[in-house]
Asker: 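Below: one structure in structure tokens.
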Amino acid sequence: MSQLPKLNLLLLSTPVGAIGSGLGGGVELTLTNIARSLINLGHAVTVVAPEGSVLDGIPLVQIPGNLQITAQSQGRDAPITLPANSVLSNCWNYARQVQHQYDVIINFAYDWLPFYLTPFFDCPIAHLVSMGSLTDAMDHIIGEVAEQFPNAIAVHSLAQADTFSFRDRCFNLKNGFDLSQYQFNSTPNNHLAWVGRIAPEKGLEDAVAAVQQLGIPLKIWGVIQDKTYWNHVRSNYPNAPIEYCGFLSTQDLQQALGQSRALLMTPHWIEAFGNVAIEALACGVPVIAYRRGGPAEIVKEGETGWLVEPDSITGLVEAISKLEKIDRANCRLDAEREYSLSAMGKRLEIWLDRIVQSHNLPS
Ligand code: UDP
């Protein structure tokens with residue numbers, strides 16, 4: 001049993017999209033899962049998110065304002081920018097006003113402002129960093145917070161932490177999912193799956209190249225975040241057996257994903273975690289991923305999928321040919337062991353306990 005008292009927590013979502021839009025990527029589901037996990041543990045949770053957000057059964061404060069541009073689409077030396085009437089600054093202005101009602105604020109935004117504001121708040125701020133190192137300005141400000149508040153930073157994988165100079169100060173929260181929402185499917189169809197934001201860093205074209213060689217159909221689910229990139233993939237592989245199936249709710253996605261023989265994960269960046277890997281495993285779907293970033297810490301070779309030399313299409317093709325060696329029941333079991341809401345709840349309470357304790361220390 002945890003010694004942590006019941007906390008009143010304010011969760012601030014990503015300012016790049018409303019919850020439910022898909023533009024916020026994995027952060028949308030991560031925040032929802034963390035909120036549910038904390039509520040299950042008896043804590044009180046309020047979520048602050050851009051206007052238009054949808055969140056079933058969790059208190060939600062919707063904040064108007066213009067969305068933030070995604071950090072991963074900018075170069076390393078990109079300066080920090082905010083649009084006029086920024087939803088990010090509006091969210092944090094709200095948090096500043098209500099902070100005294102809460103024990104801890106949890107920040108899900110990979111943005112400069114919440115890190116910069118951390119020492120100016122009376123309420124401790126816990127930052128769940130959702131991506132690896134992307135820009136010098138972000139590295140610098142997160143590093144300053146890590147220095148001044150040694151317990152304040154959590155990440156999703158060791159590989160993600162390793163992209164930062166303050167790697168040793170990162171708490172590895174991994175992730176957790178409401179597995180009751182995912183149904184195990186032991187009898188898949190022939191097609192393979194690719195799930196994610198359609199944007200260059202996610203490397204969809206490699207999965208398309210592999211299925212073109214094999215002639216196995218590939219179904220694709222996710223928001224088309226970069227239309228130019230998507231058109232580029234389609235024109236480069238005009239005869240690939242691919243089908244774009246849209247952006248689905250978790251309920252519909254798990255149903256469709258469960259019918260797939262395997263999930264292909266082909267990111268070109270260091271994926272911090274890769275929520276879709278666990279969602280696939282929870283449905284009994286093996287994962288074939290590049291040996292890089294979060295997925296390399298999730299996939300157990302020969303048990304829950306195969307890891308492939310990064311950027312190797314031949315490696316993907318070989319792994320697909322070995323799929324029958326994976327027992328789909330093992331995939332589901334693995335998700336239950338490490339990535340349930342209760343498994344993550346234990347990790348969350350350790351992290352929050354450290355933050356509360358260090359905040360209460362005399363300075
Ligand atoms: N997703 C979804 N519906 C879809 C396709 C994807 O809800 O049709 C969600 C999926 O559940 C996951 C997120 O999109 O939570 C993608 O997150 P991931 O961590 O894999 O990658 P990110 O977008 O954060 O880079």
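One-based numbering, in listed order, for ligands and for the atoms of each.
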Asker: Under the 3.5 angstrom rule, does the side chain of S249 hit a backbone N or O of D252 as a donor-acceptor pair?
Answerer: yes

Asker: Taking only residues two or more places apart in sequence or in another chain, which ones pass ring-ring contact (aromatic ring centres under 6.0 Å, His included) with Y94?
Answerer: none

Asker: Decide whether a cation-pi geometry holds between K219 and W194; the criteria are a distance under 6.0 Å from NZ or CZ to the six-membered ring centre and an angle within 45° of the ring axis.
Answerer: no

Asker: Would you say L257 and Q254 make side-chain contact, with heavy atoms under 4.5 Å?
Answerer: no

Asker: Residues two or more places apart in sequence or in another chain: which of them pass side chain to side chain contact (heavy atoms under 4.5 Å, CB included) with P295?
Answerer: M265, E271, A289

Asker: Can you work out which protein residues put a heavy atom within less than 4.0 Å of ligand 1?
Answerer: G25, G26, L29, V195, R197, K202, W221, G222, G246, F247, L248, L253, W269, E271, G274, N275, V276, E279

Asker: Report the residues that fulfil ring-ring contact (aromatic ring centres under 6.0 Å, His included) with F115, sequence neighbours left out, ordered by chain and then residue number.
Answerer: H127

